[in-house]
Amino acid sequence: MKTVRIADFKAHVGEEVLVQGWLHNKRSSGKLQFLIVRDGSGFAQAVVAKAGVPPEAWEAGDAMGQESSLELTGKVKEDKRAPGGFEVEVTGLKAIHVTHDFPITPKEHGTAFLMENRHLWLRSQRQHAILRIRHAVVKATRDFLDDQGLTLVDTPIFTPAACEGTTTLFGVPYFDEGTAYLTQSGQLYNEANAAAHGKVYCFGPTFRAEKSKTRRHLTEFWMVEPELAFAHLEDALKLAEGLICSVVRRVLETRKEELKTLERDVAQLEKIQSPFPWLHYDDAIKLIQSKGSQTQWGSDFGGTDETVIAQAYDRPVVVHRFPSAIKAFYMEPDPDNPVYSLSADILAPEGYGEIVGGGERMSSAESLLARIHEHDLPEEAFRWYIDLRRFGSVPHAGFGMGIERVVTWICGIDHLRETSAFPRTLYRIYP
RNA sequence: UCCUCAGUAGCUCAGCGGUAGAGCAUCCGGCUGUUAACCGGAGGGUCGUAGGUUCGAAUCCUACCUGAGGAGCCA
């Protein structure tokens, strides 16, 4: 008999099928067993009637504890009483591996315990839904950028020095070359790739050794970074806007069930449409100060500030032209007033904070060299980067989008760590 | 690095100076439509660690360890 995945039940109503999976939960009476079975594609209820199966099948159901692996045969039926709308009327049931004492019971658990058992927690309905949404986000991101004519050119994970010379990096011994560092951004290499391919993106893991201990930070996270040649700040941010709208639309279309499992208010996501509002840094400062923030002009926003700004809108907001002094050395100054840089962040609604950061890159070799000296960076390490301005320099811009932050926002959950199968945080590297 | 809170059964917690408790999980029994099923019974403990106060400490004090939340930091 052919194995049918639970997600495909709709096309097999009335047929006898084989299901291979695990026992998620069980309820039973003297003559009936209700097995909630999951097979990776979904969850379904299997009903075993003592009178309707061979005795060994009934005993198998009786003996199985939570998360036992099993194979069953039965007829697919539509039934409103069953979770998911379909159930299987079991004709045969066999345990592959009987297990008891699965640590994660259907009752409440604390985060520490769940994180300690992350390898098992992944099987729960909620975690399953979140990671399925993450997959949709990644797929939609790639599809959108590919359709816009960008070429995927991945950048290295081992790097010789700080990309921006500011944040803390993880160092690893690298043969006789001394210390290599895990990348914190593919951007500088992206600029080289953009000069070769015109429009590129990289998509991979990035690493930050900051001792951040908040619900918005991981030490290892995934970031997609598009970079466009012959482009200005507005061009890059328009691409980001299209990307975000496209990703949200895709999740709404293809992950309805998962959003329902997470009890996500989809009305909030349906509002995500172009155009996004643009807010100048100066106006953003005025806005948060009027709401009682102590943040002064010339500083970056705190977590609370971002929430206050985002709450003023029902869709993501673009905050642009941060002072050059608080941005990375390679940001192009605004020609109208060089105190400001051609940079922008996109803040997600509902207090989820920054999901995109980007800007226009400095295109003059002389200005860039001056900046490198101002920031006290080793000129030799950036020789290749300056070369990009010596051989056919063009205006170019790009941005980075943090995948986990986007997934957290779309799922409407309160902590970044659930969006990664095995999140790396300040005090946890097991499992 | 700083601030706050918490460590008691496998899990979630109550107990806050005088016999170690509950719900869930596990095991046994009952129930033909359950929805975190329900009902009855059983087993399960170095009260985070070390010291101190006391006739007596899970409970009060000190230090340390571990974790959570937040701040700082952070495309």
Side-chain angles (χ1 to χ4, degrees), chain A residues 24-36 43 45-52 58 62-63 65-67 77 79-85 87 89 99-117 120-121 124-125 162-164 166-169 183-188 190 202 206-219 221-227 236 240 299-304 306 322 326-328 330-331 343-346 353-359 361 398-405 414-415 417 425-428 430:
Chain A
H24 181 68
N25 198 4
K26 180 173 78 171
R27 294 177 278 273
S28 72
S29 66
K31 307 269 167 52
L32 275 180
Q33 295 166 352
F34 298 95
L35 313 178
I36 307 298
F43 295 74
Q45 175 163 285
V47 184
V48 189
K50 195 171 187 177
W58 177 263
D62 210 34
Q66 196 189 343
E67 289 304 320
K77 285 174 40 183
D79 193 316
K80 285 207 174 63
R81 291 171 294 186
E87 68 177 24
E89 203 176 278
T99 189
H100 292 286
D101 292 316
F102 187 72
I104 302 174
T105 64
K107 292 285 171 177
E108 284 166 25
H109 300 282
T111 326
F113 175 78
L114 290 168
M115 286 309 300
E116 191 69 17
N117 290 284
L120 305 176
W121 188 23
S124 79
Q125 205 156 4
C163 291
E164 299 174 15
T166 50
T167 52
T168 326
L169 301 171
T183 185
Q184 52 150 338
S185 165
Q187 194 221 303
L188 304 194
N190 259 344
C202 65
T206 45
F207 307 87
R208 305 279 166 95
E210 290 131 12
K211 295 204 165 179
S212 296
K213 196 169 152 30
T214 82
R215 66 184 69 195
R216 299 183 306 279
H217 291 90
L218 296 175
T219 55
F221 63 100
W222 280 61
M223 184 156 69
V224 59
E225 295 176 273
E227 190 73 27
S299 303
D300 214 336
F301 305 122
T304 325
E306 288 185 353
F322 288 81
I326 56 169
K327 282 290 173 182
Y330 51 70
M331 285 296 183
S343 60
D345 287 353
I346 298 181
E354 182 185 350
I355 50 173
V356 163
R361 325 304 186 187
F399 65 90
M401 182 174 89
I403 293 302
E404 286 82 359
R405 286 190 179 176
D414 68 2
H415 205 301
R417 69 185 149 212
T425 55
L426 182 51
Y427 292 121
R428 179 169 297 281
Y430 176 90

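Each chain gets a letter, A, B and so on, in the order its sequence line appears, and its residues count up from 1.
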S.K.: Could A:Asp345 and A:Lys327 be called an ion pair, given the rule that one side-chain N must be under 4.0 Å from one carboxylate O?
M.R.: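 Looking at A:Asp345 and A:Lys327, the cut-off is met.
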
S.K.: Let me know the distance between CG of A:Asp414 and P of B:A68, rounded to the nearest Å.
M.R.: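 Atom CG in A:Asp414 sits about 14 Å away from atom P in B:A68.
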
S.K.: Classify A:Asn25 by what it touches in the nucleic acid, base, sugar-phosphate, or nothing, heavy-atom distance under 4.0 Å.
M.R.: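 Sugar-phosphate only.
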
S.K.: Starting from P on B:G33, measure out to CD1 on A:Ile36 and report it in whole angstrom.
M.R.: 16 Å

S.K.: Could you state the interatomic distance from CG (A:Asn25) to CD (A:Glu67), rounded to the nearest 0.5 Å?
M.R.: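 If I round to the nearest 0.5 Å, the distance is 9.5 Å.
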
S.K.: Nearest 0.5 angstrom please: A:Glu404 CD to A:Arg417 CZ, how far?
M.R.: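 Spacing of CD (A:Glu404) from CZ (A:Arg417) equals 14.0 Å.
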
S.K.: How many Å lie between CZ on A:Phe301 and P on B:A71, as a whole number?
M.R.: 16 Å

S.K.: With rounding to the closest Å, how many angstrom separate the P atoms on B:G56 and B:U19?
M.R.: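 Looking at atom P only, B:G56 and B:U19 are 15 Å apart.
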
S.K.: Can you tell me which nucleotide in B:G69, B:U34, B:C73 comes closest to the side chain of A:His415?
M.R.: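 Nearest to the side-chain atoms of A:His415, counting from C-beta on, is B:G69.
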
S.K.: Quick one: list whatever passes ring-ring contact (aromatic ring centres under 6.0 Å, His included) with A:Phe322, sequence neighbours left out.
M.R.: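 Result, ring-ring contact (aromatic ring centres under 6.0 Å, His included) vs A:Phe322: A:Tyr281, A:Phe301.
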
S.K.: Between A:Glu354 and A:Thr214, name the one whose nearest nucleotide on RNA chain B is closer to the 5' end.
M.R.: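 Here A:Thr214 is the residue nearer the 5' end.
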
S.K.: Rounding to an integer number of angstrom, what distance separates B:U46 and B:G30 when you compare their C1' atoms?
M.R.: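 My reading of the C1' atoms in B:U46 and B:G30 gives 38 Å.
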
S.K.: Return the nearest nucleotide to the side chain of A:Arg27; candidates are B:A68, B:U34, B:A71.
M.R.: B:U34

S.K.: Given the C1' atoms of B:U53 and B:C11, what is the spacing between them in whole Å?
M.R.: 35 Å

S.K.: Please measure how far the P atom in B:A25 lies from the corresponding atom in B:G40, and state the result in whole Å.
M.R.: 14 Å

S.K.: Tell me what A:Phe221 touches on the nucleic acid: a base, only sugar-phosphate, or nothing, going by heavy atoms under 4.0 Å.
M.R.: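 Answer is base: heavy atoms of A:Phe221 come under 4.0 Å of a base.
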
S.K.: In whole Å, what separates the P atom of B:C13 from that of B:U8?
M.R.: 9 Å

S.K.: Is there side-chain contact between A:Gln187 and A:Tyr330, with at least one heavy-atom pair below 4.5 Å?
M.R.: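 Of all side-chain heavy-atom pairs linking A:Tyr330 with A:Gln187, at least one is under 4.5 Å.
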
S.K.: Specify the separation, in whole Å, of atom NZ of A:Lys77 and atom P of B:U34.
M.R.: 14 Å

S.K.: To the nearest 0.5 Å, tell me how far A:His217 NE2 sits from A:Thr425 OG1.
M.R.: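 One gets 12.5 Å once the value is rounded to the nearest 0.5 Å.
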
S.K.: Please list, chain by chain and in numerical order, all residues satisfying ring-ring contact (aromatic ring centres under 6.0 Å, His included) with A:His100, sequence neighbours excluded.
M.R.: none

S.K.: When rounded to the nearest Å, what value does the distance between P atoms of B:G43 and B:G23 take?
M.R.: 14 Å

S.K.: Pick the P atom in B:A50 and in B:U66, then give their distance to the nearest Å.
M.R.: 16 Å

S.K.: Just verifying a value: how many Å separate A:Lys77 NZ and A:Glu89 CD, rounded to the nearest 0.5 Å?
M.R.: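 Between atom NZ of A:Lys77 and atom CD of A:Glu89 there are 4.5 Å.
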
S.K.: Between C1' on B:C73 and NZ on A:Lys211, what's the gap in Å once rounded to a whole number?
M.R.: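 One finds 12 Å between C1' of B:C73 and NZ of A:Lys211, rounded.
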
S.K.: Hey, are the side chains of A:Glu116 and A:His109 touching, using non-hydrogen atoms and a 4.5 Å cut-off?
M.R.: no

S.K.: For the atom pair CZ (A:Phe207) and CG (A:Leu169), what is the distance rounded to the nearest 0.5 Å?
M.R.: 11.5 Å

S.K.: When only distance counts, do a donor and an acceptor, one from the side chain of A:Gln45 and one from the base of B:U34, lie under 3.5 Å apart?
M.R.: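 For A:Gln45, whose side chain was compared with the base of B:U34, there is a donor-acceptor pair (under 3.5 Å).
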
S.K.: Any protein N or O atoms within reach of nucleotides 26-32 of chain B? Criterion: under 3.5 Å, listing atom names and distances.
M.R.:
{"from": "B:U26", "atom 1": "O4'", "to": "A:Asp101", "atom 2": "OD1", "distance (Å)": "3.4"}
{"from": "B:C27", "atom 1": "OP1", "to": "A:His100", "atom 2": "ND1", "distance (Å)": "2.8"}
{"from": "B:C27", "atom 1": "OP1", "to": "A:His100", "atom 2": "NE2", "distance (Å)": "3.4"}
{"from": "B:C31", "atom 1": "N3", "to": "A:Ser28", "atom 2": "O", "distance (Å)": "3.4"}

S.K.: Can you tell me, in whole Å, how much space there is between the C1' of B:C16 and that of B:U34?
M.R.: 42 Å

S.K.: Report the distance from atom NZ of A:Lys26 to atom P of B:A25, rounded to the nearest whole Å.
M.R.: 11 Å

S.K.: Partners of A:Phe43 by ring-ring contact (aromatic ring centres under 6.0 Å, His included), sequence neighbours excluded?
M.R.: A:His24, A:His128

S.K.: Scan nucleotides 8-14 of chain B against the protein and return all N/O pairs shorter than 3.5 Å with their distances rounded to 0.1 Å.
M.R.:
{"from": "B:C11", "atom 1": "O2'", "to": "A:Glu108", "atom 2": "O", "distance (Å)": "3.3"}
{"from": "B:C11", "atom 1": "O2'", "to": "A:His109", "atom 2": "ND1", "distance (Å)": "2.4"}
{"from": "B:U12", "atom 1": "OP1", "to": "A:Gly110", "atom 2": "N", "distance (Å)": "3.1"}
{"from": "B:U12", "atom 1": "O4'", "to": "A:Glu108", "atom 2": "O", "distance (Å)": "3.4"}

S.K.: Within the 4.0 Å heavy-atom criterion, would you say A:Lys213 contacts the bases, only the backbone, or no part of the nucleic acid?
M.R.: base

S.K.: Look at all strands and tell whether A:Leu35 reaches a base, only sugar-phosphate, or nothing, counting heavy atoms closer than 4.0 Å.
M.R.: nothing

S.K.: Whole angstrom is fine here: how far is it from CZ in A:Arg428 over to P in B:G69?
M.R.: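 Answer to the nearest Å: 10 Å.
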
S.K.: Counting Watson-Crick and G-U wobble pairs with both distances under 3.5 Å, what is the dot-bracket string for RNA chain B, 5' to 3', using [ ] for crossing pairs and | for pairs to another strand?
M.R.: ((((((((.[[[[.)..(..]]]].(((((.......))))).....[[[[[..)....]]]]])))))))....

S.K.: In whole angstrom, what separates A:His217's NE2 from B:G70's C1'?
M.R.: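 After rounding, the reported distance stands at 13 Å.
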
S.K.: Taking atom types as modelled and ignoring hydrogens, do the side chains of A:Thr105 and A:Gln66 form a donor-acceptor contact shorter than 3.5 angstrom?
M.R.: no

S.K.: Classify A:Met115 by what it touches in the nucleic acid, base, sugar-phosphate, or nothing, heavy-atom distance under 4.0 Å.
M.R.: nothing

S.K.: Answer yes or no: is there a side-chain heavy-atom contact under 4.5 Å between A:Pro103 and A:Leu120?
M.R.: yes

S.K.: Quick check for you: to the nearest 0.5 Å, what is the distance between A:Ser29 atom OG and A:Lys50 atom NZ?
M.R.: 10.0 Å

S.K.: Any donor-acceptor pair, under 3.5 Å, between the side chain of A:Glu87 and the base of B:G33, if you only look at N and O atoms?
M.R.: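 Answer is yes: a donor-acceptor pair is held.
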
